[in-house]
Every structure is written in C-alpha cells, then in structure tokens.
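So the structure is just underneath, and the comments pick up after that.
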Number of protein chains: 2
Amino acid sequence: MSFVPFAERERPPKRPAIDRDRVVAAALALLGEVGLDGLTMRLLASRLGVKASSLYRHVEHKDELLILIADAIAAMAADVPTDMPWRERVIAQLREYHASLRRIRDAARVLAETPPAGRNRLKKIDALFGAVLASGCSPKAAADACYHLNNLVVSYAADQERAAAWTERAGISEADLAERKRAFTRMLSVDEFPNLAVMAEFAGSNDPDAVFWFGIDLLLDGLEAHVAAARGEPAVESRAPR
Amino acid sequence: MSFVPFAERERPPKRPAIDRDRVVAAALALLGEVGLDGLTMRLLASRLGVKASSLYRHVEHKDELLILIADAIAAMAADVPTDMPWRERVIAQLREYHASLRRIRDAARVLAETPPAGRNRLKKIDALFGAVLASGCSPKAAADACYHLNNLVVSYAADQERAAAWTERAGISEADLAERKRAFTRMLSVDEFPNLAVMAEFAGSNDPDAVFWFGIDLLLDGLEAHVAAARGEPAVESRAPR
DNA sequence: ACCTGAACACCGTTCAAGT
DNA sequence: ACCTGAACACCGTTCAAGT
C-alpha cells in the first residue's frame, strides 16, 4: 500500500486513572450519599471504576482518608470578615461552621472521630481563636473556650446525625418517631422520674437549631462573665468549689 | 451384681450457661479491657465459654447490647444529695458522672454513640434536670442547659478516648506525643496561622480536667446570666444577633 | 507507576440442627 | 429452651503479579 499520512493517535500520556484528590472528592460525595456507615473502601473504589486495592496506592489507610475528608469539609465553611465586635464575629464564624456541617451527611461524625490535622481545619481553628481572643480574655481562656465552642458545634451536629442513623436503622419514620417519644415518656412512672415528663415536654423543640444556639449563648455569656471577673469587676457570683 | 445404693448424681437443673445479665456484665468488663474497637461479639462469646451465635438468644443485636452496657455504666455514678445550693448540686452530679466515665475504658464513647434509653441513664438525666431547674430558670431553659451539660461531659471524655485510640493505633508513646505536638506547631507557618502557635502553647495543659471544668463553668455562668436576664435584672450584655 | 486478583484475617448475623 | 456448626454477606488490608 502506498504511503498514507496516518498519524498514530497520540495516546494520552497514560494519566493515572485516579489520583489522591479525585479519591478524596469521590469519598466526600459518597459520604453525602450513603453516610459514614456506608462509606466503604470497596464501594468508593467501584465509584471510581477501580478495585479497592488500588486506593492504597493513594492513601495509606482508611483513617488517613477520613482525615482528608474532614479537611475537605472544613474547607467548605466560608471565611468571615474580622471587622466586627468579637461576639458577632464568633457567632458568624460558628454559623458558617454549623451550616457547612449540615450540608453533607454525617460530616460532623467524621470531624468528631478524626484528629484536627489538615490546613483547612487548622485555618478555621486559627480564625476562631483569633475571634475569641478579641473578647479580651487571656490566651489560656481563649484556647479553652475555643475548644468548647468547637466541640459544641461538632458534637451537637454529630449527635443529631447519630440519632438519625439509629432511627433509620430501626426503620422508624419521622412521624412515628414523635409518637413513640410521647408514648415513651407517658410510660415513665412519675415517682421514679419526677422531672423527666416535664423535661421531655420542653426538650427538642420544633427548631433544633434553637437549642444549639442556646448552648452557644451560654458559653459566650459565661466567657463574658469570665472576662469581667478577670478585670476585677464584680463577678456574677462566686464560683462553686470543685 | 448385688444392689448398691448409688444415687444418680442429681444433675443441676440445667441452668442456662449464660443469661442476659451475665452477657452485659461480661461485655462491660471486656469493654474495659480491650476498648470499644476490640469489643466483638465473637470475643465476648469466647469469654463466656460460648459461641457467638448463642448471644443472639439473649440480645437482639450488638446495638441493643451497647444500650445495655451504656445503662450499666450510668448505674456506676453514685447518687448525689439534693440539699445543697443548686450550683454545687449540679457540679457534684457532674463530677460523679465524669468520674464514672473515667473508670472504664471507652465508656464515654459508648454513651455518645448510644441513645439514652434504660432506667439508670434516665434516672441520672432526671436528677440533673432537677438540679438545673433549681436555678430558677424556666423548664425549657433547664431542659436545654441539661442537654448541653450532659453533652459536654460525654463528648469531652469521648474526645479524649478517641485521641487515645488514635495515638495507640499509630503506635505513638506518650512521651513521643508531646514532642510531636511541639514539632507540629513549630512547623506551622506564622503568617498562615497567626494565632495557632500561641494557642497550642496554652491549650491542653497538664491537667485535662481543668479545661473540662472551665467549660462547665462557662455553661453555668451563662445559665446564671440567663436567669438574671429573665428576671428583668440588667443582663450581662445584650445578646448578639443571630 | 499504577492497577488487578486473590487471598488473609476478620466482622455481625442467621438458621437448621442438635440436646 | 438453649447452644452449636456452618454458612452468608460483608469488612480493611496486603502482596505478588500483570501492564
């Protein structure tokens, strides 16, 4: 046959099928779909069109993957301007944080069960610390208050996520749940649990965010009292002994 | 052979090898030994001299077993007298609670990952609610404050337990850990994380209980401020908008 | 360098079968 | 009634082998 200028199709330079970033992105998406209990190395691999053993070329083990997912979640929270009174600044930051956790399923559980490594997570903590420090408290108090604020955001959301997982596992519908709760508290003998009935009536209102913000307000009010006391102004009341 | 009065050894009336209570007791003990991640139906069964499938005659599934363990843990916290000022009463209760969680490994994680069913757990919540209500706040505020106090106790301890599990899995000694932390924070660039270095210096002091009690104090100071505000007295400061 | 196949050492749970 | 044997349907992880 005579010459025909038929160029070899230049093969794409054999890009790897997957890389670390794609693994993390797919894992984050899969987490949102199936939740933490459904997030499996095997399932994740199949979503990437690959076998599970391949994942270990890009990630040391599942724990490392979870840390990377946690950092990706932290990256979803928007930055907050710093030119505000400290309390508004803290609250704005927490609102962003809280909202970003609600955006994908079981996000808070991943944060709760994973140590705070990763640049994005550290940046958020750094920003929160800065805002709390602006209250005028000592660095030590700011560090501790920061821990508790962060802990409240994460553990509150994680608690709700775990409750959702339990009711789902039990196959209870949302409507059923309320009825069951009422039946349960009615069952409690009044003399064994004198307070619980009235508590159940008030706890867990229709707006779950309200009790979250109530807790944040308690912490921040407490911090203000702490600052005032440290300044030598009359404390709200003397501390109870430990 | 002539007659010999050989009584048949009267067989013990075939008591079941295990019952529900023994399963729970063994599970609690095993939890303390091997931690939550090592608590396996198979291992538990072997401790009871029985096969794993036998456990399902006494317990519906592992989740139910965890609920029962959680209730047994709650039973370990001593009751607290009620004839004290409300704040001391709350603190005494939390101290008992906190101490009982530290008595057995991963106790807090079990509480955190398990819904609060069971008489013992409910009794503790009931008692705490009673103490908080004595502050003079509304039932709604008491219910919410109660949630956050309980949540702080459990999630703080669970956080420490998880951290211990991570460092153990990574095979890091206690001494190594401190060194690594220091090396890690030194690594952080100061302009990317302007606050973190100073924060790391103050966070997580030698006494981990101190930061726990700092958080409790914030919540209780906040509650006092809330009560004062509700009484129409001048609030500590106006609330920041949400 | 990257992915696959096959295996290892586990899980929780079910169920027919034994006593 | 209670326990066992054997299986089912999974896990995370490793590693020699392929390309």
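The sequence lines fix the lettering, A, B, ..., with proteins before strands; numbering per chain opens at 1. For clarity, every value in this text was computed on a predicted model and none was experimentally measured.
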Base-contact (B) and sugar-phosphate-only (S) positions in nucleotides 12-18 of chain D, heavy-atom cut-off under 4.0 Å, - elsewhere: BBBB---
Strand DNA chain D as a dot-bracket string - pairs counted if Watson-Crick or G-U with both distances under 3.5 Å, | where the partner lies in another strand: ||.|||||...|||||.||
NZ/NE/NH1/NH2 to OD/OE distance under 4.0 Å, A:Asp106 and A:Arg162: no
Test side chain to side chain contact (heavy atoms under 4.5 Å, CB included) applied to B:Ala70 - qualifying residues, sequence neighbours left out: B:Val110, B:Leu111, B:Thr114, B:Arg121
Donor-acceptor side-chain pairing of B:Tyr147 and A:Asp159 below 3.5 angstrom: yes
Distance, rounded to the nearest Å, where B:Arg20 contributes CZ and D:dA1 contributes C1': 16 Å
Distance-only side-chain donor-acceptor flag, B:Asn151 / B:Tyr156, under 3.5 Å: no
Test item: A:Trp166 and B:Ile67 side chains (from C-beta on) under 4.5 Å apart, heavy atoms: yes
Short N-O contact, A:Arg20 and A:Glu64, less than 4.0 angstrom: yes
Rounded distance (Å) that lies between atom P of D:dA1 and atom NE2 of B:His58: 13 Å
Separation of C:dA6 P from A:Lys51 NZ (nearest whole Å): 10 Å
C1' gap between D:dC3 and C:dC15, integer Å: 13 Å
Rounded distance (Å) that lies between atom P of D:dC11 and atom CG of A:Leu55: 13 Å
Atom-to-atom span, CG of A:Asp37 to P of D:dC11 - whole angstrom: 12 Å
Ring pair (Phe, Tyr, Trp, His ring centres under 6.0 Å) between B:His98 and B:Phe212, worked out: CA-CA 10 Å; B:His98 182 252; B:Phe212 166 70; 4.2 Å; yes
A:Arg105 and A:Glu168 ion-paired at < 4.0 Å: yes
